[in-house]
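To keep things clear, I will list the structure first and then write my remarks on it.
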Amino acid sequence: MSDAKNIQSVKGTRDFYPDDMRLRNWIADTWREVSLRNGFEEYDAPIFEYLDLFTIKSGDEIAAQLFSFTDRGGRSLAIRPEITPSLARMVNARINALPRPIKWFSVPRLCRAENPQRGRLREFFQWNVDVIGSDDVLADAECIYTAVDFLRQVGLTPDDVVVRIGSRPLVVHKLRQLGVAEAAMDQALVALDRRPKISAEAFAEQCAKAGLSDEQVGAICEFLDVPETDSLQQVAAVEGMDGDRNAILQLRTHLEAMGVWPYCRFDWHIVRGLAYYTGIVYEVFDAAGSLRAVAGGGRYDNLVEVLGGPKIGATGFGMGDVVLAILLKDKDKLPHTAGRLDYFVIDDRECPLSLVLQVVSEIRKRGGQADFSYKRQNTGKQLKEANRRGAAAAVIVRGAGKPIGIKNLANGNQTDQPLEDFLSLLDKTR
RNA sequence: GUGGCUGUAGCUCAGUUGGUUAGAGCACCUGGUUGUGGUCCAGGGGGUCGGGGGUUCGAAUCCCCUCAGCCACCCCA
């Protein structure tokens with residue numbers, strides 16, 4: 001092995017040791033629990049797809065951001081950077097058979113060939129929640145409610161996180177009123193989306209590139225910058241967009257009725273960078289604003305059609321595990337999980353190993369988590385091992401026909417009883 | 001993909017203007033304990049100083065390349 005090489009994990013990837021895996025499972029399990037109680041059903045798709053599935057929606061430049069390869073049959077494939085296109089593909093395939101609204105969620109593992117930074121890796125997990133087949137703003141409200149339901153469940157309060165809600169049609173409408181050309185619209189929105197993240201000079205440059213005049217930039221910024229308390233009157237004053245205005249007003253009414261409005265606020269700066277959003281959009285941030293967005297989403301009524309399906313309304317969001325974990329750690333909301341075991345079986349005195357193995361097997365047969373020491377050593381050592389393993393209790397076996405001891409390792413209390421009684425108790429609590 | 005900073009045991013870090021065989025705490029393992037744990041005491045394993053090359057009598061230390069992490073761009077589905 002003189003030519004042995006130390007191969008490290010690939011840039012932007014993570015190893016999940018048992019400690020890390022417990023955290024990952026806790027996050028994913030909580031995502032599932034919240035999804036299910038909000039009426040969403042789980043789906044999944046292949047981890048790689050035809051490259052075209054991803055480029056159709058977002059253009060060829062996106063190809064630089066994903067891991068693509070050619071298989072032995074010459075097919076251009078890519079590891080999924082998001083799951084929404086797969087979702088659209090799956091929904092399209094059975095569009096006439098699925099009862100609507102389609103409320104689905106997934107916890108896919110995704111890969112993007114980006115440069116890793118704090119809160120951004122090349123491989124990560126993302127909770128996706130979508131409602132397809134409804135134009136009603138109730139669908140948007142349900143998605144936002146589900147996101148907040150999760151945040152609340154893990155102990156985050158309105159002091160910790162905020163859902164900033166915007167409306168693309170509102171901003172587009174305003175830009176039209178200001179005389180911005182349709183052709184410049186997408187670029188203008190991209191500039192506005194970046195505004196909080198870049199310098200004033202860079203923003204001016206972006207706007208100039210989009211063909212906006214200084215007057216137009218000044219007017220739209222003035223419109224976006226109003227205090228949140230005035231945002232509703234502001235919407236009411238806008239003319240000629242009744243449907244989208246009503247959606248905004250109803251959204252707030254629904255979220256108030258569901259009791260999650262304290263987590264939310266209108267913020268017209270939120271327009272999302274991607275072109276395919278068509279309605280209400282939102283992003284979840286930490287209150288201090290020191291991290292990237294924890295989650296983001298909105299309505300995308302054209303996407304299913306673009307991917308070869310009927311024109312059908314859709315809305316949803318994604319929440320990544322990386323920023324979320326950082327936020328939870330900052331806020332001291334991570335669960336203190338430890339390796340756990342129900343019983344650690346110990347042999348006392350001259351108890352034969354075969355009896356220990358029998359007891360272990362009987363406990364396991366009844367669904368109890370049980371383990372034992374591979375070493376035949378004194379009771380003290382075995383108890384030490386039991387403690388190290390995080391066992392709730394030690395089962396001390398003394399010999400055939402003799403009572404066993406059940407020692408609670410948290411408080412040291414020990415009770416003796418016949419093995420049969422112990423096992424039948426396990427049967428009952430099973 | 002571009003630039004800046006960083007890189008010493010599993011973890012947190014020492015390591016003095018380059019100078020013997022690179023250290024500490026925690027963690028891990030073993031023993032003290034023919035026998036009821038967490039404490040304590042003693043001992044031990046584990047690092048080619050991220051990797052490669054160069055300068056030098058001599059490199060963890062200086063130089064170059066590379067890999068990775070963090071940060072700023074790009075991008076953010």
Side-chain angles (χ1 to χ4, degrees), chain A residues 2 4-15 17-20 53-59 61-66 78 80-88 108 110-122 124 126 128 130 190 193-194 196-199 202 206 271-277 281 283 290-298 300 303 306-307 316-320 322-323 326 344 346-351 373 375-398 405-414 416:
Chain A
S2 57
K5 278 184 182 167
N6 243 342
I7 303 207
Q8 21 183 204
S9 59
V10 175
K11 184 207 296 209
T13 65
R14 292 169 289 178
D15 290 326
Y17 290 86
D19 283 348
D20 313 305
L53 181 69
F54 303 117
T55 54
I56 281 175
K57 178 185 108 184
S58 313
E61 69 277 8
I62 218 73
Q65 303 272 19
L66 43 78
R80 62 187 179 190
E82 58 173 331
I83 201 173
T84 310
S86 303
L87 168 64
L110 308 176
C111 292
R112 297 176 188 174
E114 297 179 297
N115 221 359
Q117 292 176 43
R118 180 175 165 85
R120 170 192 277 184
L121 298 174
R122 288 191 160 187
F124 56 95
Q126 187 185 67
N128 278 77
D130 291 275
V190 168
D193 178 57
R194 288 183 193 163
K197 305 162 193 166
I198 60 182
S199 65
Q206 290 268 346
V271 293
R272 305 285 284 158
L274 236 71
Y276 67 71
Y277 285 107
V281 288
E283 294 180 355
S290 55
L291 300 173
R292 345 178 142 261
V294 179
Y300 51 97
L303 185 59
V306 168
L307 289 169
F317 72 88
M319 178 186 291
V322 183
V323 177
I326 293 172
F344 196 85
I346 289 170
D347 54 22
D348 193 20
R349 302 284 171 182
E350 302 301 321
C351 175
S373 178
K375 284 176 271 189
R376 310 272 54 82
Q377 53 190 359
N378 67 49
T379 310
K381 290 289 183 197
Q382 294 190 64
L383 273 170
K384 195 177 267 190
E385 190 170 343
N387 196 56
R388 257 206 324 268
R389 291 291 303 281
V395 174
I396 302 167
V397 185
R398 302 191 172 91
I406 312 295
K407 187 180 182 72
N408 181 320
L409 290 172
N411 58 26
N413 293 342
Q414 182 172 338
D416 290 0

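Each chain gets a letter, A, B and so on, in the order the sequences are listed, and its residues count up from 1. Here the structure is a predicted model, which means the values were calculated and not measured.
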Inset, instruction - Could you tell me which residues satisfy ring pair (Phe, Tyr, Trp, His ring centres under 6.0 Å) with F317(A), sequence neighbours excluded, listed by chain and number? - result: W127(A)
Legend entry - Distance in angstrom units between D15(A) CG and G10(B) P, rounded: 14 Å
Inset, instruction - Calculate the interatomic distance between R389(A) atom CZ and C29(B) atom P; express it in whole Å. - result: 11 Å
Legend entry - Gap between atoms CZ and C1', on R122(A) and A68(B) respectively (whole Å): 11 Å
Inset, instruction - Have a look at D193(A) and say if it touches a base, only the backbone sugar-phosphate, or nothing, with a 4.0 Å heavy-atom cut-off. - result: nothing
Inset, instruction - List in chain and number order the residues that pass salt bridge (Lys or Arg N to Asp or Glu O under 4.0 Å) with R122(A), two or more places apart in sequence or in another chain; answer none if no residue qualifies. - result: none
Inset, instruction - Could you check how far CZ of R120(A) sits from P of C75(B), rounded to whole Å? - result: 10 Å
Legend entry - Reading 5' to 3' through nucleotides 30-38 of chain B, protein heavy-atom contacts under 4.0 Å coded B for base, S for sugar-phosphate only, - for none: S--SSBBBB
Inset, instruction - State, with a plain yes or no, whether a side-chain heavy atom of I326(A) is found less than 4.5 Å away from one of L291(A). - result: yes
Inset, instruction - Using the closest heavy atom to pick a nucleotide of RNA chain B for each, name whichever of G296(A) or L121(A) lands nearer the 5' end. - result: L121(A)
Legend entry - Rounded distance in Å between the P positions of U30(B) and U16(B): 36 Å
Legend entry - Distance, C1' atom - from G58(B) to G45(B), rounded to whole angstrom: 30 Å
Inset, instruction - Identify all stems in which RNA chain B takes part, counting only runs of at least 3 consecutive pairs (Watson-Crick or G-U wobble, each distance under 3.5 Å), and give each as one range with another, ordered by first number. - result: B:1-7 with B:67-73, B:10-13 with B:23-26, B:28-32 with B:40-44, B:50-54 with B:62-66
Only pairs under 3.5 Å count here: list side-chain donor-acceptor contacts from residues 383-393 of chain A, not counting sequence neighbours, and write none if there are none.
| residue | atom | partner | partner atom | Å |
| --- | --- | --- | --- | --- |
| E385(A) | OE1 | S373(A) | OG | 2.9 |
| R389(A) | NH1 | D371(A) | OD2 | 3.1 |
| R389(A) | NH2 | D371(A) | OD2 | 2.9 |

Inset, instruction - May I ask you to decide if V395(A)'s main-chain N or O and K407(A)'s side chain share a donor-acceptor pair within less than 3.5 Å? - result: no
Legend entry - Any side-chain heavy-atom pair of R376(A) and D347(A) under 4.5 Å: yes
Inset, instruction - Just jot down the salt bridge (Lys or Arg N to Asp or Glu O under 4.0 Å) partners of R194(A), sequence neighbours excluded, or say none. - result: none
Inset, instruction - Establish, with yes or no, whether the OP1 or OP2 oxygen of C75(B) is under 4.0 angstrom from a side-chain nitrogen or oxygen of R194(A). - result: yes
Inset, instruction - Would you kindly give the CD-to-C1' distance between Q65(A) and C73(B), to the nearest whole Å? - result: 13 Å
Legend entry - Euclidean distance for P, C49(B) against A42(B) (whole angstrom): 31 Å
Inset, instruction - Look at R112(A) and A77(B) and indicate whether a side-chain polar atom (N or O) is within less than 4.0 Å of OP1 or OP2. - result: no
Legend entry - P spacing across the pair A22(B) / A27(B), given as an integer number of angstrom: 25 Å
Inset, instruction - For U55(B) versus G10(B), give the span between their C1' atoms, rounded off to a whole number of Å. - result: 35 Å
Legend entry - 4.5 Å side-chain heavy-atom contact, F124(A) and V323(A): no
Inset, instruction - Please measure how far the P atom in G47(B) lies from the corresponding atom in C67(B), and state the result in whole Å. - result: 26 Å
Legend entry - Between A14(B) and U33(B) - C1' atom distance, rounded Å: 36 Å
Inset, instruction - Please report, rounded to the nearest Å, how far the P atom of C76(B) is from the CZ atom of F124(A). - result: 13 Å
Legend entry - Distance in angstrom units between F317(A) CZ and C76(B) P, rounded: 21 Å
Inset, instruction - Find out whether L307(A) and I56(A) are in side-chain contact, i.e. whether some heavy atom of one side chain is under 4.5 Å from a heavy atom of the other. - result: yes
Inset, instruction - Provide, to the nearest angstrom, the distance between the CG atom belonging to N115(A) and the P atom belonging to C75(B). - result: 14 Å
Legend entry - Below 4.0 Å: OP1/OP2 of G69(B) and any side-chain N or O of R118(A): no
Inset, instruction - Select base, sugar-phosphate, or nothing to describe what R272(A) touches, counting heavy atoms under 4.0 Å on all strands. - result: sugar-phosphate
Inset, instruction - Step by step, work out the side-chain contact (heavy atoms from CB on, under 4.5 Å) result for R292(A) and Q117(A). - result: CA-CA 11 Å; R292(A) 345 178 142 261; Q117(A) 292 176 43; 3.1 Å; yes
Legend entry - Interatomic distance at C1', G1(B) relative to G25(B), whole Å: 42 Å
Inset, instruction - Give a yes or no answer on whether the side chain of Q382(A) reaches the backbone of Q377(A) with a donor-acceptor pair at less than 3.5 Å. - result: yes
